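Heads up: the structure comes next, in structure tokens.
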Amino acid sequence: MSASASHGPAGRIRIVLVGTQHPGNIGAAARAMKTMGLSRLVLVAPEKPLDEAAYRRSAGAEDVLGQAPVLATLAEAVADCRLVLGCTARSRRVRLEELEPSAAAGRLLDLAAEGPVALVFGRERTGLTNEELQLCHASVHIASDPEFSSLNLAAAVQVLAYEVRRALLGAAPAQAPSPRSDEQPATHEQVEGFFAQLADTLDAIDFHKGRAPDSAMRKLRRLFLRTDLTVHEVRLLRGVLADAQRMARLAREAGNAHPPLSP
Ligand code: SAH
């Protein structure tokens, strides 16, 4: 198979660089991608615009640089993605499933048959924030020396791009899936819409009772991100939440109409 840059599954694999500090690293990442047949680069809030160093270090991958959109947030960059994997040099407090690069590449390729997928890379100095990692379905770690675990950004892109290439070359031709439209997997944006309504509902039914809401939401997010929710399942869950919110409202109104008798 040709595994060319813009067609087939390779064309649905997005490399997202978040908050990059050195434009030269963006150029080197574009080069790393192009050598492996990838071309979909997305930049999220880079610290500086692309400059001469970026183009020099792209060493012929100017086309990849030139077509890279620049977006303000990671959420926008992955809104339509079927799978989002965040690359981290070290484990964080946010406990996500951790994949090694070849497993990550395999999973990306499987799901690229269904829609866009993203591999996300963080800032040179500080990596990805915990909030950004929470937008990811799983993390990817390149086994490195724990005492010196952080690869150069473009080197990390190269390792993952190579694994994607190997997976592509080894993969059987993708079967076109044709499930009913509501049995399609939900997009990232649809699942985030469900999470927002879940958070509102937990407030409305006074679930937290004074405890910090973050911890429960983090666990619930992890639970639902582990499953492959379909469009229909998201609709069903949101229907359940809407009813819970309606019952909470009725209970509140009834409470207001009949204030408790004083002892
Ligand atoms: N000091 C930062 C390292 C940033 S290196 C930190 O501790 O997070 C820039 C980016 O390259 C990281 O955000 C990550 O996306 C990627 N990267 C570097 N080393 C990596 C490794 N060993 N495994 C996976 N990704 C890595």
Side-chain angles (χ1 to χ4, degrees), residues 13-36 38-51 53-54 57-58 61 64-65 68-78 81 83-109 111 116-167 188 218 225:
I13 299 178
R14 204 173 281 172
I15 301 292
V16 183
L17 305 185
V18 180
T20 312
Q21 285 147 334
H22 302 290
N25 280 336
I26 300 178
R31 176 185 186 177
M33 289 170 60
K34 190 164 176 174
T35 56
M36 298 295 144
L38 298 179
S39 63
R40 308 283 184 221
L41 175 63
V42 175
L43 306 177
V44 172
E47 275 200 5
K48 298 182 198 131
L50 295 178
D51 59 8
R57 291 194 51 201
S58 78
V64 176
L65 280 185
V70 179
L71 301 174
T73 63
L74 177 58
E76 287 170 66
V78 299
C81 283
L83 176 70
V84 182
L85 300 181
C87 298
T88 59
R90 58 197 154 95
S91 305
R92 306 298 177 98
R93 268 175 294 134
V94 184
R95 294 302 308 173
L96 282 176
E97 180 189 6
E98 190 174 284
L99 301 172
E100 48 87 29
S102 65
R107 201 176 297 182
L108 283 167
L109 220 59
L111 293 182
V117 294
L119 257 176
V120 183
F121 296 84
R123 298 156 190 82
E124 292 89 332
R125 261 196 304 278
T126 52
L128 294 167
T129 64
N130 285 338
E131 288 69 30
E132 286 159 351
L133 274 173
Q134 280 209 30
L135 293 175
C136 300
H137 296 96
S139 65
V140 186
H141 179 67
I142 302 163
S144 48
D145 188 328
E147 303 296 319
F148 196 71
S149 63
S150 167
L151 280 74
N152 165 268
L153 172 60
V157 172
Q158 186 75 75
V159 171
L160 268 302
Y162 172 63
E163 291 295 346
V164 167
R165 175 96 186 151
R166 272 168 39 101
H188 202 264
R218 239 189 336 265
L225 285 176

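These numbers come from a predicted model, not from an experiment. One-based numbering, in listed order, for ligands and for the atoms of each.
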Any atoms of ligand 1 less than 4.0 Å from a non-hydrogen atom of Ser150? List them with their elements. 3 (C), 4 (C), 5 (S), 19 (N)
Using a strict 4.0 Å cut-off to heavy atoms of Gly122, name the atoms of ligand 1 that fall inside it. 9 (C), 10 (C), 12 (C), 13 (O), 15 (O)
Shortest non-hydrogen separation from Phe121 to Cys87 and the atoms involved: CE2-SG, 3.5 Å
Does CZ belonging to Arg123 count more than 12 external heavy atoms closer than 6.0 Å? yes
Using side chain to side chain donor-acceptor pair (under 3.5 Å) as the criterion, list what pairs up with Ser149, not counting sequence neighbours. none
Under 4.0 Å from ligand 1, counting heavy atoms only, is it the side chain of Thr88, its backbone, both or neither? backbone
Answer side chain, backbone, both or neither: which part of Arg90 comes under 4.0 Å from ligand 1, heavy atoms only. side chain
What is the minimum heavy-atom distance between Leu17 and Ala29, and which atoms define it? CD1-CB, 3.9 Å
Check Ala54 against Leu65 and note the closest heavy-atom contact, atom names and distance. O-CD1, 3.7 Å
Has the side chain of His188 got a donor or acceptor atom that lies under 3.5 Å from a matching backbone atom of Leu135? yes
What atoms in ligand 1 come closer than 4.0 Å to a heavy atom of Val140? 24 (C)
Just distances here: any N/O of Phe121 and N/O of ligand 1 closer than 3.5 Å? no
Is Ser149 touching ligand 1 with its side chain, its backbone, both, or neither, if touching means heavy atoms under 4.0 Å apart? backbone
Indicate, as side chain, backbone, both or neither, the part of Ser144 found under 4.0 angstrom from ligand 1 when only non-hydrogen atoms are considered. side chain
For ligand 1, does Cys87 get within less than 4.0 Å through its side chain, its backbone, both, or neither, judged by non-hydrogen atoms? both
For Asn152, side chain to side chain donor-acceptor pair (under 3.5 Å) partners two or more places apart: Asn25
I'd like to check whether Ile142 has a polar contact with ligand 1, where a contact means an N/O of the residue lying under 3.5 Å from an N/O of the ligand. yes
